[in-house]
Structure formats: structure tokens, C-alpha cells
Amino acid sequence: MARRAVLWPLGLMLAAAAQAAPPPDPERLENLLEQDCGSCHGLTLRGGLGPALTPEALAGRPRQVLARTILDGRPGTPMPPWRGLLTEAEADWLAGRLLGGEGDHGDR
Amino acid sequence: MGTGDLLRMAVPALVLAGCAAVPRGSGDLGLVVERASGAVQIVDTSHRRALARVTGLGDLSHASVVFSRDERFAYVFGRDGGLTRVDLLRAVIDRRIVQSGNSIGGAISDDGTLVAVSNYVPGGVRVFDAASLEPVADIPAVGRDGRRSKVVGLVDAPGRRFVFALFDAGEIWIADFSGGPEPRIERFRDIGRQPYDALVTPDGRYYIAGLFGEDGLALLDLWHPERGVRRILDHYGRGERRLPVYKMPHLEGWAVAGRRAFVPAVGRHEVLVIDLEQWTEAGRITVHGQPVFVMARPDGRQVWVNFAHPDNDTVQVIDTETLRVIHQFSPGPAVLHMEFTPRGHEVWISVRDGNRVEIYDTRTFDRLAGLPASRPSGIFFTARAHRIGL
């Protein structure tokens, strides 16, 4: 069982993770972004104690890397890991939202 | 309560509402920040009601407020670098400037003539004339590494001084304006990693910065700055695993009760108790979540605590004599801030996601009233005007 999971391609694993958890709730995530991310990154995400998270500031950052940072945090900085509070699918939705300025377009 | 009592209560309210020419004091007024809508409500704590709403204050996430010595004007520091002087009696914006790109807080000098704003980007402190909001001084926060640092924990201290900490550089600076508009700057290096906020004790003597990058706090005696910064409680989390921190805790002068200070333990479900004479740990109180605000009722008998996400629907009350949690309740989703009336008989609590401000009796814990507010965050009463470090 475990060995099979290791052999799964990344896409399938993400699909499996997405299936296991309920789909991202845009309203809840928008609120989280504004209120909770915003407490460090600014209500308008133009930066605070944490850096700016506007599409311009994040230009060129791969979506997967952003989702990973959301889930695992940045050791040595105040950015906490959100794993446990957010699912993989929700972190991915947030990363897409930050890069594109609006929600999940389905592209990775 | 009989009908006569009700009538007597209603009369002053009608007089105030109906006749703008009636003079009134401002000692029972305050501001409620409406975080997302760039507005503040002017509130009357005697009658537990909103008097007016002032809009056009910009991005008010993490906004804070100080008051003029006459308690008529509020200086509102917005995240977008806006500094707004609100006239509480006329309920209008008196003056407003946008002084930088990204600010975090401010302070007013003991003589009421200077307003200082601490900025993240570009990191530093700017000082303005409190009456005109004209610039007086600009203090870039360049640390020993030669880089500009975000500034946190800006407070006023006696002697026309401002004290603040450099988050990135790990320094504490004193800007002394006693000689005029050109400040004398005193820098303290290597105070610890990533100071995240600071408080000055209500007597104005001790500046205490909390550290995010390591355990412990940095202490500076403002009566004896020549003695330098010393570390206190640096053992408190040694060897223990810290929880992820979803909301930076705050430090405020309110946290002092008698000879003890109560401060949030970063990344732990604990409130730390500091003995202000020995500068040692006097206790640790296990609480419901990671504390954000730890505030003593003005008489020092109770300490009220709110918490970070995901425990931010709860408030706990600690008895400062026994160091025990004596009351716990849930005002609603996302409790952001608490403010006591000047002598502490009531407390106002902002419930952001409930879009309400709830008012409680601090002795019986009964809920007395609730006021609608749009995403309320900070609550600030004018009595702060006469407190050092607030």
C-alpha cells in the first residue's frame, strides 16, 4: 500500500488528496486571506511584517512553491506552517489566487 | 428600575443628540476601528453607544490610535502609512497625511507636541508636529548591518523621548527630543533576534521588547540606559517545541498588574508572569490558546486574554492573586481586541467576524450591550491620553 503510493505520479497524488478532503470554499479562503494572512501581510496584501503578496510581488514564483510555503511555512521567519489548518487543495487554491489575483483557474 | 429611572436615563441622550451646541467632555469617548472599511466609530462609553462614524481613513488593518492631551483629537495610524487626526467632538477628519508606504503604529510625546509613526517600508520612524502634522524629523532605521529594518514597539517615554525596536536588525533605539526637533539617538545592539513588539511600564521606566526569533525578552531601564539592555526570562522555552504562530502577540503597558507583568508566551498556550523587582519568572499560566493580547484591568486584579487563530473566539480571565483562570467565555468569532473603561468596571470587546462590539461587566461577567460595527478591530478610549506608553 505504502509502496504503491510512493510510485504514484504527483498529479495523481494531488488528485487523491483533493478527493479525500472537501473542495476549497472560496468564501472561507477569501476571508482567511484578508483577515488572517492580512494580519501580517496587510489587509490589501501589500506587505506588513511579512512581505507583499500581490501578483506583481510574486511574479515568477511557481504556484507549487507558493502552496508548499503556505503548508510548511518558512523556518527562521514568522511565517507559520498552515498544514493541519489548510488542506493541500486549499493551499493550492490560495497560491493560484495570489498569483492570478482571483481564485482557482484549474491550471497548475 | 421604574419608569422614572428610565426617563432620567433617556434625557441626557436626547439633549446630546438634539442640540449640537451643548458642550460636552470627551473623557468617556473612544474610537472603534472598522478594519476593512477605512472608518472609525466615535463611541460614548457612559451610554454604551455609537455617536458618529468617520470614513476615509484608508487601510486600517492593524490600525492603532493615540490621543491629544485634551482628549479631543485622536491620531489614527493606518497600515497604508496614513496618519489621520480625528476631531472627536465634531466627528470629522481634522487633518490627514499619508506619510509612508507601510506603517504599523505610533506614539505621542509626553508634552503632546510630537506624534511619531513607526514604519515597515521604508523602515524607520517619522515624527510630526501634533497640531499641524508637518514633518519634524525622519529617523531611518538602519541597523548595524547597513540595511533598513522594520520598526516595531514604538512607545513614548518621559522626557520627550520615543523608544522603538528594529525587527530585522535586533536593536533598540531611543530618540530623545528634549533638546529640540533634532533628536539625539541612542542605539542598543544585539538585544536579541526579531523583537516583535514592546511595552513600557506604566511608570515609564522599563522598556521591554518581546523576541520572536528566540525565547526571552529584552529589558532596558530608561532611568539608566547606560547600563544597557539585559535579557530576561531567556530560559522559558528552552528545549520545548514551539507551536506555529498564526498571529503575532502584542505587548502593551496594560499588561502590568502591581509588581508583576503578564505577557504572552510566543508559540505556546501560556501567559508568562514576570516579577518586576527580581526580573525573574513568577509563574506560567496555561491558557486556552496562543495569547495575543494580555491586558490587566486598570486595578490590576484581573488579566484578560484573547487568542490567535484558530482559538480566537474565546476570552479567558485570570485572577492575578491566584494566577488561575477564573472565567472563560466566547464573545463570538474572531475576537481581536479588548479595552477597559478607565477604571475598569466594563470592558469592550471587538468581535470581527460577528461584526459587533460586545460590552461586559468585569465583575459579574454579564454581557451588558452590543453595538453593530463593520469588522471591528482596535478599540481605544480617550483615557489613554494620560497614560505613559499608550
Side-chain angles (χ1 to χ4, degrees), chain A residues 21-22 24-59 66-88 90-91 93-95 97-98 101-102, chain B residues 33-38 58-63 78-81 100-105 118-123 149-153 167-168 193-197 211-214 242-250 266-267 290 292 308-312 333-334 336 352-353 375-377:
Chain A
D25 172 356
E27 197 180 331
R28 176 179 162 254
L29 292 177
E30 282 291 344
N31 190 49
L32 178 111
L33 194 61
E34 185 176 306
Q35 304 297 346
D36 295 302
C37 306
S39 71
C40 268
H41 296 281
L43 198 65
T44 54
L45 301 178
R46 290 198 201 108
L49 197 61
L53 299 180
T54 54
E56 302 75 50
L58 295 175
L66 292 182
R68 193 61 45 198
T69 303
I70 293 168
L71 288 171
D72 295 334
R74 290 182 66 196
T77 78
M79 176 66 187
W82 288 80
R83 195 183 292 283
L85 296 174
L86 292 173
T87 64
E88 301 252 350
E90 287 171 329
W93 188 95
L94 284 168
R97 161 71 175 76
L98 290 173
E102 54 175 295
Chain B
V33 174
E34 295 188 319
R35 194 168 185 258
S37 44
D59 179 352
L60 292 183
S61 55
H62 214 292
R79 176 46 80 58
D80 57 2
S100 92
N102 198 317
S103 71
I104 187 68
S118 61
N119 291 315
Y120 278 162
V121 184
S149 177
K150 299 181 191 89
V151 171
V152 299
F167 174 82
D168 307 287
R193 288 187 55 221
Q194 296 173 328
Y196 64 87
D197 199 3
L211 300 175
F212 185 84
E214 56 190 288
R242 188 190 264 196
L243 302 166
V245 176
Y246 296 105
K247 173 102 179 73
M248 274 289 176
H250 283 262
V266 178
Q290 291 187 31
V292 174
H309 183 103
D311 299 312
N312 56 358
L336 287 200
R352 184 193 67 203
D353 293 349
R375 303 260 164 190
S377 58

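All heavy atoms count here, side chains included; hydrogens, waters and symmetry mates do not. Each chain gets a letter, A, B and so on, in the order its sequence line appears, and its residues count up from 1.
- Between A:T77 and B:Q194, the shortest heavy-atom contact is CA-NE2, 4.4 Å.
- Among the candidates A:R46, A:E34, A:Q35, the residue making the largest number of heavy-atom pairs closer than 4.5 Å to chain B is A:Q35.
- Between A:N31 and B:D353 there is a side-chain heavy-atom pair separated by less than 4.5 Å.
- Contacts between A:L32 and chain B at a heavy-atom distance below 4.5 Å involve the side chain alone, from C-beta outward.
- Options B:D168, B:V121, B:D59 differ in how many heavy-atom pairs under 4.5 Å they form with chain A, and the most are formed by B:D59.
- Residue contact with chain A, scored on non-hydrogen atoms closer than 4.5 Å, involves the backbone and the side chain of B:R35 alike.
- When each of B:F167, B:Y246, B:Y196 is tested with A:P78 by the rule side chain to side chain contact (heavy atoms under 4.5 Å, CB included), just one qualifies, namely B:F167.
- When every heavy atom of B:R79 is checked against every heavy atom of A:G38, the shortest pair comes out as NH1-O, 3.9 Å.
- In terms of heavy-atom proximity, B:P310 sits nearest to A:L85 at CG-CD2, 4.0 Å.
- Between A:G76 and B:R193, the shortest heavy-atom contact is O-NH2, 4.1 Å.
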